[in-house]
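Take a look at the structure set out below.
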Amino acid sequence: MNHNLQKYWRFKNFDIMTVISYLLLFAGAWLMMFPFIWMISSSFKPTHEMFDQNWTFWPKEPQIFENYYSVLFEQDFALFVLNSLIVCILILIVQLVTSIPCAYALAKLKFKGQNILFGSIIMGLTIPINVTSIPIYLGIVQINMLDTYFAMCFPFFISVFAIFLFRQFFKTFPDSIIEAARIDGFTEIEIVIRLVVPSAIPAISAFSVFSFVAHWNDLYWPLIVVTSMDKTTATLSMMQYSDGFYTDNQGAFAAATVVTLPMVIAFLCARRLFIRGITMTGIKG
Amino acid sequence: KVKITCLADGSRLTRQHQPLMKMFNEMQSEIEVEYMSPAKNYGDVHLKMMRASATNTLPDCAFQAYNQLPSLARALAARGQIVNFQDLFAREAQGWVDDNYTPEILENGVVDGKQYGMPFNASVYQWYYNNDLIKKVGGREADFHTWEGVMELAKKLKGAGITPFAGWLVDGDDWGWQMLILSQGGRLLDKNAGDKVTFNENDYGINALKMVKRWVDEAGYDPDADYRQQSTAFTEGNMGFFATSPAGAKSIQEKVGGKFDLKSTTFAVWNDKDGLLPTGGNAGVITTKDPKKIDAAWEYIKFVTGPKGQEFAAKITGYLPTNKRALLPEYLGDYYKKNPYFATPGNQFERAGPWVGYKGTQSEKIWREQRTVIRSVMLGETPIKEGAAKLQKIAEDLMQK
Amino acid sequence: MIKKSLTGYFLSFPAVTLILIIYVIPTVVVLLISFTDYTLVRDNFDFVGGENYAKMFTDEVFLNSLSTTIIYALIVLPVGFGTGLFIAISIFEKKKFKSLFEVFYFMPVTSTLTAMALVWNALLDPIGIINSTITFFGGEKIAFLGSGDIVLYSLALISLWSIIGFNMVLFLAGLTAIPGHLYDAGKIDGINNSFDKFIYITWPMLAPTSMFVAVTNSINAFKLFDIVAILTQGGPDRASEVFLYLTYLEAFEYFNMGYASALSIVFLGIIFVFALLQARFIDKKVNY
Amino acid sequence: MSGLQINNVNKSFGDTKVLHNINVDIKQGEFFTLVGESGCGKSTLLRIISGLETPDTGSIYINNNDVSHMDPKDRNIAMVFQDYALYPHMLVRQNLEMPLLMAKTSLAERIPLVNALTLNSVKRNEIKKNVDDVARKLRIEHLLDRKPGQLSGGQRQRVALGRSLVRNPDIFLMDEPLSNLDAKLRESVRTEITQLHKETGLTFVYVTHDQTEAMTMSSKIGLMHLGKFMQVGTPSELYKIPTNTTVARFIGSPEINIVPLFDFKEIIEKVSEAAKGKYTSADIEDFVFGIRPEDLLIMSEKSHEKNSDKSREVLEATLDVKIESIEDLGHELFVHCSRLSHSSAVRIRVTKGSFSGNLSFGDTIKLKVCLKDANLFDQKGERVEIFTSGQDKKS
Amino acid sequence: MSGLQINNVNKSFGDTKVLHNINVDIKQGEFFTLVGESGCGKSTLLRIISGLETPDTGSIYINNNDVSHMDPKDRNIAMVFQDYALYPHMLVRQNLEMPLLMAKTSLAERIPLVNALTLNSVKRNEIKKNVDDVARKLRIEHLLDRKPGQLSGGQRQRVALGRSLVRNPDIFLMDEPLSNLDAKLRESVRTEITQLHKETGLTFVYVTHDQTEAMTMSSKIGLMHLGKFMQVGTPSELYKIPTNTTVARFIGSPEINIVPLFDFKEIIEKVSEAAKGKYTSADIEDFVFGIRPEDLLIMSEKSHEKNSDKSREVLEATLDVKIESIEDLGHELFVHCSRLSHSSAVRIRVTKGSFSGNLSFGDTIKLKVCLKDANLFDQKGERVEIFTSGQDKKS
Ligand SMILES: Nc1ncnc2c1ncn2[C@@H]1O[C@H](COP(=O)(O)OP(=O)(O)OP(=O)(O)O)[C@@H](O)[C@H]1O
Ligand SMILES: Nc1ncnc2c1ncn2[C@@H]1O[C@H](COP(=O)(O)OP(=O)(O)OP(=O)(O)O)[C@@H](O)[C@H]1O
Ligand SMILES: [Mg+2]
Ligand SMILES: [Mg+2]
């Protein structure tokens, strides 16, 4: 009897707690998602409906076509997206190509100056682009590369974060496999390409999401080095919707939605790998 | 074909410049105009120009806010990177300048006696008001034309539990502050050399500060609300009246939709005789050294500051046209008659005075520090006299550089 | 082994070169500029020694920016850390909707800040949906971005929105790494309720993750720039003028490159303290 | 009826049934070992006993109390995990204190910082004394101020034992506690555990993969196979009279030799006769003998085979094999042979003194088997009792 | 002089000297096992042979070639790792192909995508054939299209063996290749490796913790201790005539019994006499006997002790002990006793047939030792040869 009672209570407790925590989590999730929902909703609305006191998701006078048409077709939006893609992909590729071997060397090889290198990588993590932008800008002007894809990508060609992340990850890669490979006759480069990289797919995709998101969203650097319309990125094109006195709200939120969407989709696609990658990188230490 | 590249900011690019560029490019076949990627705002235009100047990567022309024009023009002039329009005026037919531009308007583009900028957009303060609310408390349009009238109106609204008014002042650039000085007939800097701070002459500064303190104390002005908030409050119908540039006319109208009876009217000045209002907006500058490009850019700037260009710009934004001829019936004259809401800028065409910047590069910094003082005066934290003195000291300290 | 170390140099050569060009040399240039009165406006400049640095400590604006940055960090760090941890723990044990929650909470991390700043600006508006909700429940309107007392909290709110998901994922990773049998052992020892589990097992086992989260968050808190630049430009009345934004103002609004560089260098100095912590704690595991 | 009773326990994970109606009665003070191949459900059963896992059906009695619905901590059991499961961030002392702290203090007394005020010193001292006693017993006093990471495998194992000891449990559960230790250490900790069992006189349930452990430590062994008990009995029962070939093969190293009855021409008759009535002759054709390697005696031609053991005289048979390899363990030889007729392997254990001739690779030798020592299994692998009775062999 | 020679190898990591002047000569075709407690340097030595680690001084010869400065891949060795070290993302087939691909193709032929063009089909087929052969040999043909993650431990181990086999190495190096397998599996893979050694006739260097492995597989054992070789010899040499007590204790389970000479009153005289000249009587006082558990025979009062072995008659002595515990392994008993005089432990191995009386806990029994089978060690633990000659015992 006693036990049954106890079980009953436990069961009940457990249930209530679970329900409460689910409620809390859903409430939190709603808060996290609300800005997106609001944005999408607003992108369907005429300006005067956006601040209606009785907010509804669906507008009373939908203006979906007009809002999106002006964003997508009245300007070279396809070009802007293409520019963003080119920049993000170029950056990502170079980052991977430069950081993976370096991370491997730091994690699995011994060489003099290793600690200094790792130290400067840690320091690099703390240096924001704001600090180094002027010297880099001057350098780019010197070589006459302003307003090129190269200029748009260059400061991000090395990611110290990637090196750090991959180093942590590679540390967990078994030494014995690398040694087996050495005995089998792999060169170090081949070890990296054929063994380490395939095993690091989750970490690489985790990093790719970070990198892609960061550079897709970057505004600071494109504002400095992009001068022509031809090189304008999607995020940069968001600038066209407001000046001091005029904000094209309809266009702005439609554009915001269109600019945000690719990242969200990219994340959803890479989600599994991404979460696993984070879990496996031993960021935990 | 000569190709020239220009720089403009934000939605000014999309709404005004790009259509104008298209018109111009279609109009003739010798010149092709294109625009650079947009700057974020006026400040960013300035920054981009300065950076480009230092690295010799300037565009061929640009549209720069009046208050930052001096600092830009001086830096560029020192490097020989900017064109004096007076040289170009000489090529035009006799009287052409006077036919098109008033001296007051042109003065906005003058730095150190040289015409470095051609005013493109211009705006002076105007009132927007919610006629429904004004009527409710028994106000009239005439109330807006004197400060005492404005204060009375504000008190009435406050009494009725309505947020009385707001206006461009401490949030944003020093346009509002210069308005307070100019509308008394004062000047920020001495007219000739521009190297002496004069806003405290004749107690202009003290009066200005007294006024803004009254706004807060008597008229319920909220120094904490930023521009965007003020504007939404007004457009949502929660505020009696609102002071800002005509540039916002279109935007405000769109936001209001049909929620209330929206009207605009000319601004209040203290001194009806000498009182001016600073002109906001921007001027075109030519920053190429290539004579062919200079010619091309001049053609383009003539077009955009011409009657046609100004008609277009004014209609799509509400800005005050910078070209006299634009007020002719075939351009804006009839339109203004039909749309009194948009006509206000034309009605205070003569009040358009200069919006100046301090010598050196620190105008921005001077204003940022001054507005802290103004705000603290408004909140009663700093006595008015002390505040006025502080304002002058800040300007004098930083201006030297 | 000589050969092995050669390989090490070979593999890290591209990265090292780029680090030199992108981080080291520019930083050195900035350091040099900090001893001059260089402006973008004039082509000539003079060496002024430590004048820029000396000036800093009498500059109220600088001190103000230090304090706003620190206040901001003090709001963001504990809340971001605590909420991230709380959400991670709550989600971790869930069987249903786990991945849904992961997506929802992480989504803001991927969002485009430029775009979302527009949205937040609208949400936080005095007549925006947040304020109308507050007034609906009978509260007073809050001038989220307009009031100097509140603006830092509002910025913190936006940052929190965008980092909590990131912290959550890191904590989830940390939780996954805790061996399940520790909880079994705990159950037998009588570690039964959530409180004891947390105090005796979860929390101490998460120490390395916590360290990482704390350090990266604090570095990022010091790097706050974007949303200030987009939403408040330091206002109202400098209330949100954080360190990096001040540096930006000095460099790009006032063109005082020398002073701005000195500020940057001081910024790096402060943040290197955190870097040091990071190097210490992250590489050498928390000592078990 | 004290001790531990498991009644009708079933357990599935999703669609896989892991435990099939398990019933065991473990007596007070018994050392009960669970063996069986990997994945047969040993750990699951142990976890069900501990309360870490809930059975789908069935009940668990500890000292006559139904504990089926109790929390693990209320069952008064101790559990030692394979990888020790020490709290890595706590000192050894804190690890040992844990169970007591949890049992003796209230939640309020455990809140960090606050506990400095709330936890009274009487309790504190009591806990400390307890821990010190156990540490002394296990000779880990000098380790109390280290963290588990600073200990060797054997020391960790001892701390894990200590942690289970402090709470004075009724039952000890151990899941492969020695498998992470190296050979030498395993031997010594094994002795320690046996010692502990003897001293405390408590009931132990012990899971292992290791033959030697199972044979030497247990008072009873339960051999599991696919979630069921194949046989429960004393080590020597399992070794000598396995109920089926699965058990026979599992226990003993080298593996038991399985030889078809029909290979021993000499005795088919006898067997057939004895089995008559119970089995058909077709059945009998599939009968196999399970013969332990030590029950195969090498008859060298020259040697005068010793026959000291009287009981071995009946039911003798011979087998011809060829030596394939010889492994010398020092104290004994394993001789691996192949049958001449078919290629099946035969393993012989030759102990010191039992055979003194020379054996070498490739030799053909004759083996003698005393089938009395062997077991006969039917075609299903079940033990057949026709003339050897289990009772005989136990002793 | 083919095979493998290690000359004067020294190795330090930082300040710790891990290998002290190692010299070994391993003959072609030998199965050489390295044993020793954890951390004694076994793996380091193996890695130096493979070229994965560079010695501080010394040289390595493989088949008379100085390979000291060669890359691992050029030494033509194969190495099998404890954790198999299979390439986790490649199919088993690809795992097996890898060493061949690397050896037989140029870098250009290996560039992904390009290789479809450059790698000619003759080489491709050759590699495939090789892999298929090895797979057949190891009975893993059906696994070729799986990934390592889908294999069981034993299968993985076999793939790892396969990978080392395909390249036809001169030498096999194996570092505890069986330690991750469970007991049953270990036995069968052990046999496979022995088989492999026999078939290929190649030199094997094998590291293990496991006694049985070392004893049964090796043709020679090198016992390491603190970075030095204590003894190198055949398994039976190490078992029967260990050069010192360290070796004696290390080899054999249960551990050897170490009994002071002075406990055997009967023979002190004889020993003293034989040792005279070489040792002082003070030295002799510290002498100890190392007696294997199976060399202690139980003399039950009633039993007429068998004495079949003639050689045992000389140098007999007796010892009185009390039985502490008995472990029954089925085929043999371990009897743990304590000495009556002092509390030191004595372990006896009782095999089936060697003693038929009843033994029970607490009994006092008399043990007979044939000291001819025992070894005598001096105070430093070194073996003393005074009347037993090593030669006698070998074979
Ligand atoms: N939590 C679980 N969820 C699903 N299946 C499980 C779980 N725990 C165990 N199993 C499955 O139940 C079966 C029995 O597992 P159990 O761990 O009891 O085996 P075991 O006998 O202890 O094996 P081992 O000797 O390898 O430890 C296995 O097939 C295993 O895969
Ligand atoms: N890379 C290294 N750096 C520093 N010390 C090392 C390194 N590798 C091995 N050692 C040290 O060298 C000694 C010998 O190590 P080694 O791995 O050869 O031992 P082992 O005999 O293989 O031990 P085990 O049986 O545990 O595998 C150990 O004390 C070890 O700590
Ligand atoms: Mg198990
Ligand atoms: Mg080793």
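None of these values were measured; they are calculated from a predicted model. Throughout, a chain's letter reflects where its sequence line sits, starting with A, and its residues are numbered from 1.
Under the side-chain contact (heavy atoms from CB on, under 4.5 Å) criterion, E:E255 pairs with D:K184, E:R249, E:R347, sequence neighbours left out. Every residue meeting the ring pair (Phe, Tyr, Trp, His ring centres under 6.0 Å) condition with E:F204, not counting sequence neighbours, appears here in chain and number order: E:F31, E:F172, E:H197.
Between D:P235 and E:D328 there is no side-chain heavy-atom pair separated by less than 4.5 Å.
Atom NZ of D:K198 is surrounded by more than 12 heavy atoms from other residues, nucleotides or ligands within 6.0 Å.
In terms of non-hydrogen atom pairs under 4.5 Å with chain D, the most contact-rich of E:Q211, E:M217, E:E187 is E:E187.
Taking OG1 of D:T212 as the reference point, atom CD of E:E327 lies at 9.0 Å (rounded to 0.5 Å). A distance of 9.5 Å separates CD of D:E294 from OG1 of E:T351, quoted to the nearest 0.5 Å. Here D:L329 contributes atom CG and E:T216 contributes atom OG1; the two are 6.0 Å apart, rounded to the nearest 0.5 Å.
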Practice problem: Just do the side-chain contact (heavy atoms from CB on, under 4.5 Å) check on E:S325 and D:Q195 with the steps written out, would you? | Solution: CA-CA 10 Å; E:S325 69; D:Q195 205 64 31; over 6 Å; no

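A donor atom on one side chain and an acceptor atom on the other are not found under 3.5 Å apart for D:H331 and E:R292.
Contacts between D:D210 and chain E at a heavy-atom distance below 4.5 Å are absent for every atom of the residue.
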